[in-house]
Amino acid sequence: MPTYHIEGGHLLNGEVTISGAKNAAVAIIPATLLVKGPCRIENVPDISDVHILLNILEQMGATILRLPNDTVEIDCSAVEYTQPSATLAQQIRASYYLIGAQLGRFGRAHVALPGGCNFAPRPIDQHIKGFLALGAKVEETESYVNAEAGPSGLRGGRVNLDVVSVGATINIIIAAALAPGQTIIENAAREPHIVDLANFLNTMGAKISGAGTDVVKIRGVSALRGGFYSIIPDQIEAGTYMAAVAAVGGNVLVKNVIPKHMDCITAKLREMGAAVTESDDAIRVEKIRRLRRATIKTMPYPGFPTDMQGQVGVCMALAEGVSRITESIYETRFFAYCDELRAMGASIQVNGKTAYITGQPKLHGATVRAHDLRAGAALVIAGLAAEGNTVVQDIHFIERGYENLIGKLTALGAKIYRQED
Ligand code: EPU
């Protein structure tokens, strides 16, 4: 199995350009199933989750052109109803968006249950609540979801989510885009990638308003046409490079970001003593002193993202004093990386939803295992900051979501390479 080998202790300097947002791309690609005509999409990150989704659509009969510069053209006009490959669908979490997309396009869906990062139980009852509100009958077993609209297809409905769920909000928007009447999602998630999905669908002719607030309204249209769209930059990839500079040291301009999306991360790194300056579409991070302790509580957007707790956790592992992370989205997420960081010399105590991290002057290299995408990114940062050599195993998790991680880090002066076996 391939591994990353890191020689720690080299400062990060220069510029890095952020790719398109994974969690927007993995929603927008399934949503192209609703569109009659080619969708030319720019800023599609070159990562394995995207490759798998494109392969699934291709096997279902879509025409896909992979163009230079992270551009993809997807035409699902000729797709007939068929079950997406279970083998592929089970490899990624976002295959659950194919349920909403198939229901919206064909009035029925049969999709193998999602895989991806299983750092916690990840139920989809809220997605199903939404499909039921649109008039579908849904059967969920251990291995698949089967959903069917009545003979006249889906119709608009009202759903109040019991938990703020990114996935459910997106899935219901996708399913409702072509459903006659009005759909209202209350207690919707507000993440930037939800706004991006709505903007994509609206560009293709949908009528969605309120995305980015907690009430999203969808007025079903009779058809969506092809068009051009560019995906927003990845908030978490940008945050990962920002945290890397704060942990490792150096001075890096993180380009192609939307600074507003980064507010929470920017504020936290400043609080910890990093110098962070924003311009229109870039953020400069410089480490000017040893970091100070901080407290984080993960929350849905615009709160501190759960997907950044591990990376900032590494900053805390090297900061002065005792820091605290409270995880309120996925309680068991600490287990994905805390043991591995301890093996590198970090001092972390986990008590239920809270981790107490006592900063150490340094970490040391070790052989560690990525248990999921973001935990893996945290270990890479720890390896870059540590004294000595680190080997990160199970990097396929990391490659699900970071485009050209090795190339981008190497250009910043990191000593990291990928070994094939
Ligand atoms: N939840 C339910 N029922 C549901 C759906 C969610 O109880 O039907 C709960 C979850 O168990 C969790 C909370 O609601 O406690 C929020 O889950 P959400 O649905 O928002 O998460 P998700 O849509 O499955 C997305 C991202 C994750 C990210 C979370 C939280 C995608 C493909 N995945 O997951 O990203 O951690 O939102 O922001 O968009 C990653 O990129 O590494 C990643 C894991």
Side-chain angles (χ1 to χ4, degrees), residues 19-31 45 47-50 52-53 89 91-100 113-133 138 140 145 159-175 185 187-197 214 231-232 234-240 261 264-265 297-311 326-333 336-337 353 370-378 396-403:
S19 302
K22 166 178 100 66
N23 289 343
V26 299
I28 287 172
I29 293 167
I47 53 176
S48 64
D49 270 19
V50 160
I52 291 170
L53 274 172
Q91 290 173 28
I92 53 165
R93 189 93 209 138
S95 49
Y96 52 34
Y97 295 139
L98 291 164
I99 308 170
L113 273 184
C117 287
N118 286 319
F119 44 70
R122 297 176 74 181
I124 57 165
D125 56 299
Q126 298 304 304
H127 304 230
I128 292 175
K129 184 177 180 182
F131 302 145
L132 294 173
V138 185
E140 184 187 3
V145 172
V159 59
N160 190 310
L161 296 179
D162 301 313
V163 291
V164 178
S165 161
V166 173
T169 305
I170 287 177
N171 230 340
I172 300 165
I173 292 174
I174 293 174
I185 310 172
N187 199 26
R190 294 178 281 167
E191 268 66 4
H193 35 285
I194 293 171
V195 180
D196 209 37
L197 167 78
D214 59 0
I231 291 178
I232 53 166
D234 195 302
Q235 176 205 28
I236 305 299
E237 189 197 12
T240 300
H261 295 167
C264 224
I265 298 159
K297 181 170 185 187
T298 64
M299 300 287 278
Y301 188 83
F304 191 92
T306 174
D307 289 343
M308 278 301 299
Q309 60 125 311
Q311 302 89 312
T326 303
E327 172 57 54
S328 44
I329 315 282
Y330 297 114
E331 285 179 30
T332 49
R333 203 160 194 180
Y337 69 92
K353 289 181 177 184
H371 292 262
D372 74 48
L373 167 60
R374 307 304 172 185
H396 61 93
F397 281 116
I398 303 174
E399 294 177 348
R400 287 187 40 216
Y402 288 92
E403 176 172 330

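Predicted model, so just to flag it, every value in this text is computed and none were measured. As the structure lists them, so they are numbered: ligands from 1, and atoms in each ligand from 1. Residue numbers start at 1 and run along the sequence shown.
Under a 3.5 Å cut-off, the side chain of Asp196 and the backbone N or O of Ile232 do form a donor-acceptor pair. No donor-acceptor pair under 3.5 Å is formed between the side chain of Glu191 and the backbone N or O of Val166. Under the 3.5 Å distance criterion, the side-chain polar atoms of Gln126 are left unmatched by any main-chain donor or acceptor of Ala168. Looking only at distances, no side-chain donor or acceptor of Asn187 sits under 3.5 Å from a matching main-chain atom of Asn160.
Checking only distances, Arg122 does come within under 3.5 Å of ligand 1, N or O to N or O. Taking distance alone, with nitrogen or oxygen atoms compared against 3.5 Å, Ala168 stays at or beyond that limit from ligand 1. At under 3.5 Å, not a single nitrogen or oxygen of Val26, backbone or side chain, sits near a nitrogen or oxygen of ligand 1. For ligand 1, the polar-atom distance check against Asn23 finds a nitrogen or oxygen pair separated by under 3.5 Å. Residue Glu191 has no nitrogen or oxygen atom sitting less than 3.5 Å from a nitrogen or oxygen atom of ligand 1, judged on distance alone. Residue Leu373 has no nitrogen or oxygen atom sitting less than 3.5 Å from a nitrogen or oxygen atom of ligand 1, judged on distance alone. In terms of polar-atom proximity, defined here as any N/O pair under 3.5 Å, Val166 does make such a contact with ligand 1.
Salt bridge status for Lys22 with Asp234: absent, with no side-chain N to carboxylate O gap under 4.0 Å.
When the heavy-atom distances from atom 43 (C) of ligand 1 to Ile329, Asp307, Asn171 are ranked, the shortest goes to Asp307. Nearest to atom 5 (C) of ligand 1 by heavy-atom distance, out of Gly167, Ser328, Pro123, is Pro123.
There is no side-chain donor-acceptor pair under 3.5 Å between Glu399 and Ser48. In the model, Gln309 has no side-chain atom that pairs as donor or acceptor with a side-chain atom of Tyr330 under 3.5 Å.
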* Could you walk me through whether Val145 and Tyr96 pass the side-chain contact (heavy atoms from CB on, under 4.5 Å) test, one step at a time? => CA-CA 9 Å; Val145 172; Tyr96 52 34; over 6 Å; no
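Within the 4.0 Å heavy-atom cutoff, Val164 counts among the residues contacting ligand 1. Using a 4.0 Å heavy-atom cutoff, Tyr96 is listed among the residues neighbouring ligand 1. The shortest separation from a heavy atom of Met308 to ligand 1 is not under 4.0 Å, leaving the residue out of contact.
Residue-level proximity to ligand 1 for Tyr330 is carried by the side chain, the only part with a heavy atom below 4.0 angstrom. Residue contacts with ligand 1, taken as heavy atom pairs separated by less than 4.0 Å, involve Arg374 solely via side-chain atoms from C-beta onward. Here Met299 has no heavy atoms under 4.0 Å from ligand 1, in either its backbone or its side chain.
Applying side chain to side chain contact (heavy atoms under 4.5 Å, CB included) to Pro300 and the options Thr169, Ile329, Asp214, Thr306 leaves one that passes, Ile329.
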